[in-house]
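Presented below is the structure to which this report refers.
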Amino acid sequence: MEANETRSVFGKLLLEHRRAAGWTQGRLAEASGISVRALRELERGRARAAQQRSAEVLADALGLTGRDREFFLTVAKQGRRRNPALAAQVAATCALPAPTADLSGRENELAQLSAKVAEGGGVVAIVGQAGVGKTALAVTAADLWRAEFPDGSYAVDLRGMDEEPLSARAALDRLLRALDVAPGQVPASEAERSALLRMLLEGRKVLLLLDNAADEAQLRPLLAAGPGSLTLITCRRTLAGLEGARWLGLEPLSDDGATGLLAKIIGAGRVRAEPAAARELVELCGYLPLAVRIAGNRLATRPQWSLAQLADRLRDESTRLRALAAGDLQLRSAFDLSYRAVSAEARRLFRLLATVPGADFGLELAIVVSGAAPADVRDHLDELVDASLLQTTAEPERHQFHDLIRLFAEERFEAEEDPAARDIVLTHLLGKAAEAARLFYPKAPETGRFGSRDEAARWLEVEGGNWVAAHRLGARKGRHEEVRDLAIALHWYSDGRSAQQPWWEIFSLGAAAASELGDARAEAKLLNFVGWAASVCLGDDKGAVAEHRRALDIAVRIGDHVEQTWASIYLGQVLRLTGQGEEAFEFAKRGYELAHELPFWDGQTTARNMYGRALLNAGRHTEALAVHRAVLSDAERLAGDTYPDFHRLLKTLTLRAIGDVLGDLAEWREAASQYRTSRWLAWEGGFAGLEVVSAIREGRAWREAGAFEEARECLALAVELSPGPSFGAWREQALAELALLPE
């Protein structure tokens, strides 16, 4: 075949059958009575197809029967068709929809799609949850690329979320007719229709949009375009089983993208007039394009409304989905289609996961809420992810809801489940968190459901959002004993982790629960924890003084010497920070003298170090160093009485205290050495807050010693280790210290 020749569909089919029979053109000519020249013209495509009688003769000669014969004759008839006007009319039934005029915030996604197309066409699937804007993006992209596919652009809505999605057979019929196959010539079977579509598209450059797909099985027969063509798919399911495809997972819009979409719908002037309300509005819409469009349409048709008025309506979670409706745009309906498309078991898990109080969850909590076997739960979670009803997180095997889908899950739970099911996960979280936290008591053995203390620490960290939320929920539901017990259990775990959880709130809820129970001993203990959190976590030293005085009053009233000791220890610290040095010294000394009643690891170390700090503030450096060094010596001698991380925590704090004394004596290099060891111990133990503080003090010590590069290294590390708001004060302190260094 010459380079510029294009073989016709019928010519290709004729050649395939002749070669399958093992015949030469001469032998077929002899058997059919058609000349070799005519056969050559047909196979090379110079003649689009044989006349009807010639096609029948060739089929007879090749021994074609049944469906093979029917298909051969159909392709021959297709090649003889000549009705451009009719073809254009039929093709219009599969025309690309008009692109969305107000698409916003999808520039990056369009660039990603363009890169995938530039790799060589093929199959690209845009997947994501209901309302995320898959179709709008796909149609816009297809319209942009239309000129790159000169042989045509076609679209079929596969109605994947309908009770009866469009069958692959019916979709093939539409595409074949759009390609000018006469209705009577469309093959009967799905396989033959797919084969004919493949033949018709071979060698052509077409763009095919398969919108709103149901699943892989519906799509496979439709993936007939050649390598020079592009098949663009949209689907709520992830289509993980689709061979040879490339995927673009579509996420909700960014804040700017969602606000930009709102501005395009209601006008930029209204958004500029109420910028804060606009941002709150798109946040309440979960940055979901459909939700933003619904909110925008409501505002566009109600020019008298302010953005703040609609935002106020959407704040109530119980009515938010109802409020996100405008005309035939219904967010709840969009979610419901996805919900009805999954299995009954997956729907039940979806509903029950609404009882998880935190933002995300893993396999463990999914098993707890459902009571199902782990293998089944994994399958159901995968099904919900595939249906875009759940999202995966960066943490392996953890999932989360989109905010609006969580509200939908809550609605389904309320409508279809027993309200008592909420208590299952609550009981589990409160009990397991307390058990994990008790492993951090100074002399706690590693027993129970956790294989090790490290495993317990990992669980408390990963499930932090859930057990903290469960603690709040337990307080609201009046589960005072569990709330009190968990708050008490968390005391030693909180040491060294001051920036990791909202400790002031946790301990305050515990103290309130103890008060409700009339448990004065627990209330005094927890008020001391509240005071610690007020000072260390919130920087509210005056508030801390008030809490410790309350604790001391209760402890004195009930004769609790342990909590009197602790209150004295803490008051010795926070009164100093509020400038009440003399009273602070007296409390620190009192705590030191009373501490002989406490075990070494369970309070005595803290009392002695606090007293050393008081001696430093009184200018009694030699005595302060003696106290701190004695603590270090006893800690080494008694190291076997506690676990390694607690021993490491005490050494971290004590070495830092020694560094403070040496710094006050202007022995800066030795102070820096103590701080460095303290910093390394904090890093080894995972005590992020202590590591930052030690790094700042080490940096300051190196600066005072004139070692500016070492100082810069430590202070830059402190800034790097202080990313979140809970580290804000330390970050500012580190930046201020850096600013004092010479250029």
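The basis for the numbers below is simple: all heavy atoms, side chains too, and nothing from hydrogens, waters or symmetry mates. Remember, it's a predicted structure, so these values are computed and weren't measured experimentally. For the single chain, residues carry numbers from 1 onward in sequence order.
To the nearest 0.5 angstrom, His380 atom NE2 is 12.0 Å from Leu352 atom CG. Taken to the nearest 0.5 Å, the OG atom of Ser229 stands 7.5 Å off from the CG atom of Asp151. Going from atom OG1 of Thr140 over to atom CG of Leu110 covers 6.5 Å, rounded to the nearest 0.5 Å. Here the straight-line distance linking atom CD1 of Ile265 with atom CG of Leu299 works out to 9.0 Å at 0.5 Å rounding. Note that OH of Tyr154 is 11.0 Å distant from CG of Leu207, once rounded to the nearest 0.5 Å. Rounding to the nearest 0.5 angstrom, the gap separating the CG atom in Leu365 from the NE2 atom in His399 is 12.5 Å.
Using a 30° and 60° split on the angle between ring planes, Phe350 and Tyr339 fall in the tilted class, from 30° to 60°.
By the 4.0 Å N-to-carboxylate-O rule, Arg348 lies too far from Glu416 to be salt-bridged with it. Using a 4.0 Å cut-off between charged nitrogen and carboxylate oxygen, Arg398 and Glu463 count as a salt-bridge pair. Using a cut-off of 4.0 Å between Lys/Arg side-chain N and Asp/Glu carboxylate O, Arg378 and Glu397 are scored as salt-bridged.
Nearest heavy-atom pair across Leu28 and Arg18 is CD2-CD, 4.0 Å. In terms of heavy atoms, Ser104 sits closest to Gly260 at OG-C, 3.4 Å. Nearest approach of Thr259 to Ala278, heavy atoms of both residues: CG2-CB, 4.4 Å. Across Val139 and Pro97, no two heavy atoms sit closer than the pair CG1-O, 3.3 Å. For the residue pair Ser388 and Ile405, the shortest heavy atom distance occurs at O-CD1, 3.7 Å. Closest non-hydrogen pair, Ala325 versus Arg322, comes out as CB-O, 3.8 Å.
Residue Leu208 is tested with Leu175, Leu230, Leu232 for a side-chain contact (heavy atoms from CB on, under 4.5 Å); the sole match is Leu175.
Side chains of Asp386 and Val342 form no contact here, defined as non-hydrogen atoms less than 4.5 Å apart. Contact of the Gln218 side chain with the Asp215 side chain is registered, since non-hydrogen atoms from C-beta on lie closer than 4.5 Å. Inter-residue side-chain proximity for Gln112 and Arg106 is flagged as unmet; no heavy-atom pair is nearer than 4.5 Å. The shortest side-chain heavy-atom distance between Ser194 and Leu172 falls under the 4.5 Å cut-off. Inter-residue side-chain proximity for Glu345 and Asp376 is flagged as unmet; no heavy-atom pair is nearer than 4.5 Å. Counting heavy atoms from C-beta on, the side chains of Val132 and Leu288 come closer than 4.5 Å. By the 4.5 Å heavy-atom criterion applied to side chains, Asp60 and Arg69 are counted as neighbours. Within the 4.5 Å cutoff, the side chain of Val369 has heavy atoms near those of the Leu349 side chain.
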- Task: Test Phe401 against Leu390 for side-chain contact (heavy atoms from CB on, under 4.5 Å), laying out the working first.
- Result: CA-CA 5 Å; Phe401 287 109; Leu390 282 182; 3.6 Å; yes
- With side-chain contact (heavy atoms from CB on, under 4.5 Å) as the test, would you mind laying out the steps for Thr231 and Leu222 before giving the verdict? CA-CA 9 Å; Thr231 300; Leu222 305 175; over 6 Å; no
- Message: Go through it in stages, so that I can follow the logic: the residues are Arg406 and Asp403, the test is salt bridge (charged side-chain N to carboxylate O under 4.0 Å, His left out), and I'd like the CA-CA distance, side-chain angles, deciding distance and then a yes or no.
- Response: CA-CA 5 Å; Arg406 173 182 280 280; Asp403 290 347; 5.8 Å; no
- Worked verdict on Phe335 versus Leu404 for side-chain contact (heavy atoms from CB on, under 4.5 Å): CA-CA 9 Å; Phe335 293 161; Leu404 295 176; 3.9 Å; yes
- Item | salt bridge (charged side-chain N to carboxylate O under 4.0 Å, His left out) between Glu164 and Arg159, worked out | CA-CA 8 Å; Glu164 291 280 342; Arg159 302 205 309 267; over 6 Å; no
- Worked check of side-chain contact (heavy atoms from CB on, under 4.5 Å) between Asp157 and Leu166: CA-CA 8 Å; Asp157 182 358; Leu166 190 70; over 6 Å; no
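Between the Trp247 side chain and the Thr238 main chain, a donor and an acceptor come within less than 3.5 Å of each other. Looking only at distances, a side-chain donor or acceptor of His402 sits under 3.5 Å from a matching main-chain atom of Gly286. The closest donor-acceptor contact from the side chain of Arg236 to the backbone of Gly160 lies at 3.5 Å or more, if one exists at all. A donor-acceptor pair under 3.5 Å links the side-chain atoms of Arg193 to the main chain of Pro187, judged by distance alone. In this structure, Asn466 contributes its side chain and Gly358 its backbone to a donor-acceptor pair below 3.5 Å. Judged by distance alone, the side chain of Glu216 and the main-chain N or O of Gly241 form a donor-acceptor pair under 3.5 Å. Using a distance-only test at 3.5 Å, with no hydrogens or angles considered, no donor-acceptor pair links the side chain of Lys134 to the main chain of Ala125.
Heavy-atom contacts from other residues, nucleotides or ligands closer than 6.0 Å to CD of Glu30 number 12 or fewer. Atom CZ of Arg340 is surrounded by more than 12 heavy atoms from other residues, nucleotides or ligands within 6.0 Å.
Between the side chains of Glu251 and Gln391, no donor N or O sits under 3.5 Å from an acceptor N or O.
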